[in-house]
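Both backbone and side-chain heavy atoms feed into the values below; hydrogens, waters and symmetry mates do not. These numbers were taken from a predicted model, which means no experiment stands behind them.
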Amino acid sequence: MTSLKQFIRNVRSAKTIADERAVIQKESAAIRASFREESHDSGVRRNNVAKLLYLFTLGERTHFGQIECLKLLASHRFADKRLGYLGTMLLLDENQEVLTLVTNSLKNDLNHSNQYIVGLALCALGNIASVEMSRDLFTEIESLLSTANPYIRRKAALCAMRICRKVPDLQEHFLEKAKALLSDRNHGVLLCGLTLATDMCEAEEAEEGQEGVIEMFRPLAPGLVRALKGLTTSGYAPEHDVSGITDPFLQVKILRFLKVLARGDAATSELINDILAQVATNTDATKNVGNAILYEAVLTILDIEADSGLRVLGVNILGKFLSNKDNNIRYVALNTLNKVVAIEPNAVQRHRNTILECLRDPDISIRRRALDLSFMLINESNVRVLVRELLAFLEVADNEFKPSMTTQIGIAADRYAPNKRWHVDTILRVLKLAGAYVKEQILSSFVRLIATTPELQTYCVQKLYTSLKEDISQEGLTLAATWVIGEYGDSLLHGGQYEEEELVKEVKESDIVDLFNNILNSTYATQTVIEYITTASMKLTVRMTDPSQIERLRRFLNSRTADLSVEIQQRAVEYTNLFGYDQIRQGVLERMPAPEIREEQRVFGAPAKKRQSKLLKDKSKKPAKQAEQDLLVDLMGGSEGPATSTVANGSQNTADLLADILGGDSGISSPAPPAAQPSSSTSAIMDLFGSNGTPSPRPAEPASASVDILGGLGSAPSPVASPSAAAIHTAYNKNDLSLTLQVQRGGNATAQIQARFRNNSSFNQFSNVGLQAAVPKSQRLQLSAINKADLSAGDEGVQMLKVTGLNGALPPKLRLRLRITYSKDGSDPATDQVDWSEP
């Protein structure tokens, strides 16, 4: 047998992985052989376990040494116990059955006369305690919290925290002990006691409506304030000094606990206001230790019921952090300001220039946080300045920033534009800088702006035409310019008087046709671009007067009648046929009526609202422990008994559902394949302007709207066959997500319900959209999976329900209890419950 040092040397001296593997396998075999010899020499056993711990750090299998660790625990030598407990904590976890053998050893060592052996047992229990061990040993921990030895009290407090987490019912046994620890003069004991008390309070906060533990600890706040004041004003204390500051760890813990006690309580907040101001003004910010205390003080100020002056002081501290050379401190400051801007927008605005400077930082994470914060700072008074800075950053930004930046700038311009001329110039600048990254919602908003502003249409078409001549590589610019030229080409040809010298004075009809040809012959002619140019060319045939240019456009359209794309081919054939009906062509190709304007939702920052407690507390809610089927039991209530529901997976019951849709005994015996989703590259931008797929809810267009470039070319098939014409009832409409139900009876005993979710917003994304339903006990429900759980702006998802009467008949009006689940823009999952009755 080799020693541990020699084993490590052998492993490190291996020149290849194969050599290292051979050394490890040879030593593992020797260790196994030694275990089988049942040697009573504790030195050999310690040597073997030490080598096993080294193998564990290398990621090797060490399960065969677990019993040897337990044998070391039973030894009377301190060296054996120390290594045994270390091996137990590393090689075992709370889920292994062999751990039950450790309970007796722990019980003996917790009552040992040697404080260091007691400390080893407390350390092990605090790391690997299971529910059973916690229930068996909590009485020993409770008694050790009252011992006179501060070394043991410290470790017992942390062990008690583990027990309370594992078995919350035992928390009441440690409350009084924890209160006693908070009055201890020993810094180490007080630090561990604060950790225990904070964990108890936060666990209580997680359970809504439970504040008994916090109320119990609140009377201790004055004593903690005095302790914190003593730490901040005391002189040099060599045993607690860290870079000239007395026990910064304890100061941070006290601040964190005071934040928990004062959150939502005006009296406690008033009590700690003075000490917070003192800590914020007297702490040395030249060292990282001081910055840690200041940061915790700022979090406390912003999370309690502090007065506005103190909150402004906290924001100013974060502003100073932005000037620090340490990237970590600047990142933390930006991250916190993102959460604070809704509370103190004016105070954050004072540091706007510093935040904009961070956009030029070499660190990409700092640039990203500064960018998010910059968008949240935009308002009516500073939109010109901030958007100008953001456009300058967009010019040099990495490609990964551009999609979100173009969207946010577009939303900011749409919401805060001082005038429409500035709005147009801003979006045009975005299209010129990053047109390939502009999302369809921004293009839609831009086109709608032009269509609803007649006084700027000539200006817009000239500016877009000039920009497109300079650069045809930006797809977003090409799409917007093509639509505007097709719709308002006559304004471009007639010209207009503007003060800008760069605007064209005269445009010939041949110039427009030549520009379209250049785009079509370039590598930037995607299918979407060709679709737009095809329809724009058709519209120009009634805007132009030169027969030779109209003939060029006709020949172009005729050349596309054999295009490989069915969409382009079909539309080209239709357009070519229109040339034989000049009067109809003039009417069909008239200008589109201005689209309906809808208020868009601001997504680059929630509007300032009343501050709520736990604003800076980033803690997710506990998941529901109740099973889904239990949640659906007895939802309907009344005298009909508990509701029952059957939730089918994506493929189950598809044949039955489709059979009912197609009319009863249709002979379908196997599930029909799901319909293909529309191509995102082709139809996404076409859908944005209100055409392909499911029509947007707006008034019927006049006959001239039958050829609408906003609508793209053709329509996408609906993903799920809909029932025959039946009334559509709105069951849910909230947070831009609507749910409609369409009921079709299949006789007296069955009903087919089509539930259609729709994302009514222009910019928000919904994910994990789903529906659960319950019916009275006299009925049976089959529920299929939704065909599309993630809904972008304007998308729809369909879920099918089948209700069957168990007694052979359904009531005249169906009753359902619906549970709608979704996540909006990546936020926490939301759940709403509604009762619906058939009208």
Side-chain angles (χ1 to χ4, degrees), residues 150 154 157 178-198 201 217-263 265-321 323-324 326 328-329 332-333 336 340 347 616:
R154 287 202 311 262
K179 289 174 66 176
L181 292 178
L182 297 186
S183 304
D184 204 294
R185 293 183 175 275
N186 185 287
H187 283 209
V189 175
L190 179 56
L191 184 69
C192 296
L194 286 166
T195 304
L196 172 61
T198 304
C201 293
F217 281 112
R218 275 192 179 132
L220 301 178
L224 293 173
V225 169
R226 288 192 297 271
L228 181 58
K229 188 174 182 179
L231 291 172
T232 56
T233 58
S234 65
Y236 175 71
E239 66 273 19
H240 302 302
D241 183 80
V242 179
S243 298
I245 295 179
T246 303
D247 207 341
F249 303 100
L250 183 56
Q251 290 192 46
V252 168
K253 281 289 183 182
I254 293 176
L255 286 169
R256 190 170 298 172
F257 187 57
L258 289 175
K259 175 177 65 176
V260 174
L261 296 182
R263 187 185 293 128
D265 186 76
T268 309
S269 299
E270 181 67 27
L271 175 68
I272 68 175
N273 273 345
D274 291 341
I275 189 62
L276 289 175
Q278 183 175 337
V279 170
T281 53
N282 294 342
T283 303
D284 183 11
T286 59
K287 298 182 177 64
N288 204 40
V289 176
N291 287 328
I293 297 174
L294 287 174
Y295 176 63
E296 195 62 45
V298 169
L299 292 183
T300 304
I301 289 170
L302 297 173
D303 210 27
I304 67 172
E305 307 295 323
D307 56 55
S308 59
L310 195 58
R311 288 204 297 269
V312 170
L313 175 61
V315 173
N316 290 340
I317 292 173
L318 294 176
K320 291 180 182 178
F321 282 179
S323 304
N324 200 295
D326 190 334
N328 294 322
I329 294 176
V332 163
T336 309
V340 174
L616 301 178

Donor-acceptor pair, Arg256 side chain versus Glu296 backbone, under 3.5 Å?
-> no

What's the spacing between Ile329 CD1 and Ser323 OG if we round to 0.5 Å?
-> 11.5 Å

Taking side chain as C-beta onward, heavy atoms only, is Lys179 less than 4.5 Å from Leu220?
-> yes

Kindly list each side-chain donor-acceptor pair under 3.5 angstrom involving residues 285-294, sequence neighbours excluded, with atom names and distances?
from: Thr286; atom 1: OG1; to: Asp284; atom 2: OD1; distance (Å): 2.7
from: Thr286; atom 1: OG1; to: Asp284; atom 2: OD2; distance (Å): 2.9
from: Asn291; atom 1: ND2; to: Lys287; atom 2: O; distance (Å): 3.4

Only one of Leu276, Asp274, Ile272, Ile254 passes side-chain contact (heavy atoms from CB on, under 4.5 Å) with Val225; say which it is.
-> Ile272

Nearest non-hydrogen partners of Leu255 and Ala297, listed with the distance | CD1-N, 3.9 Å

Please examine the side chains of Gln278 and Ile275, heavy atoms only from C-beta on, and report whether any two atoms are closer than 4.5 Å.
-> yes

Quick one: list whatever passes ring-ring contact (aromatic ring centres under 6.0 Å, His included) with Phe321, sequence neighbours left out.
-> none

Verdict with reasoning, Thr232 to Asn282, per side-chain contact (heavy atoms from CB on, under 4.5 Å) | CA-CA 8 Å; Thr232 56; Asn282 294 342; 5.9 Å; no

Heavy atoms of Ala157 and Leu181 approach each other most closely as CB-CD1, 3.8 Å

If a pair satisfies salt bridge (Lys or Arg N to Asp or Glu O under 4.0 Å) and one of its residues is in residues 225-237, list it, with sequence neighbours excluded.
-> none

Considering residues at least two apart in sequence or located in another chain, which fulfil the ring-ring contact (aromatic ring centres under 6.0 Å, His included) criterion with Tyr295?
-> none

Rounded to the nearest 0.5 Å, how far apart are CG of Leu224 and CG of Leu190?
-> 7.0 Å

Approximate separation, where rounding is to 0.5 Å, of Leu250 CG and Cys192 SG = 10.0 Å

With rounding to the nearest 0.5 Å, note down the distance linking NE2 in His187 to CZ in Arg154.
-> 12.5 Å

Would a 4.5 Å heavy-atom cut-off, applied to side chains only, mark Leu182 and Phe257 as touching?
-> yes

Within a strict 4.5 Å, meaning less than it, do heavy atoms of the Asp265 and Glu305 side chains meet?
-> no

Close side-chain approach of Ile304 to Thr300, heavy-atom, < 4.5 Å | yes

Heavy atoms of Leu271 and Ala221 approach each other most closely as CD2-CB, 3.9 Å

What residue pairs, at least two apart or across chains, pass salt bridge (Lys or Arg N to Asp or Glu O under 4.0 Å) with a residue in residues 236-249?
-> none

Hey, could you give me the CZ/SG distance between Arg218 and Cys201, rounded to the nearest 0.5 Å?
-> 8.5 Å

Quick one: list whatever passes side-chain contact (heavy atoms from CB on, under 4.5 Å) with Ala277, sequence neighbours left out.
-> Leu310

Mind checking the OG1-CD1 spacing from Thr281 to Ile317? Nearest 0.5 Å is all I need.
-> 8.0 Å

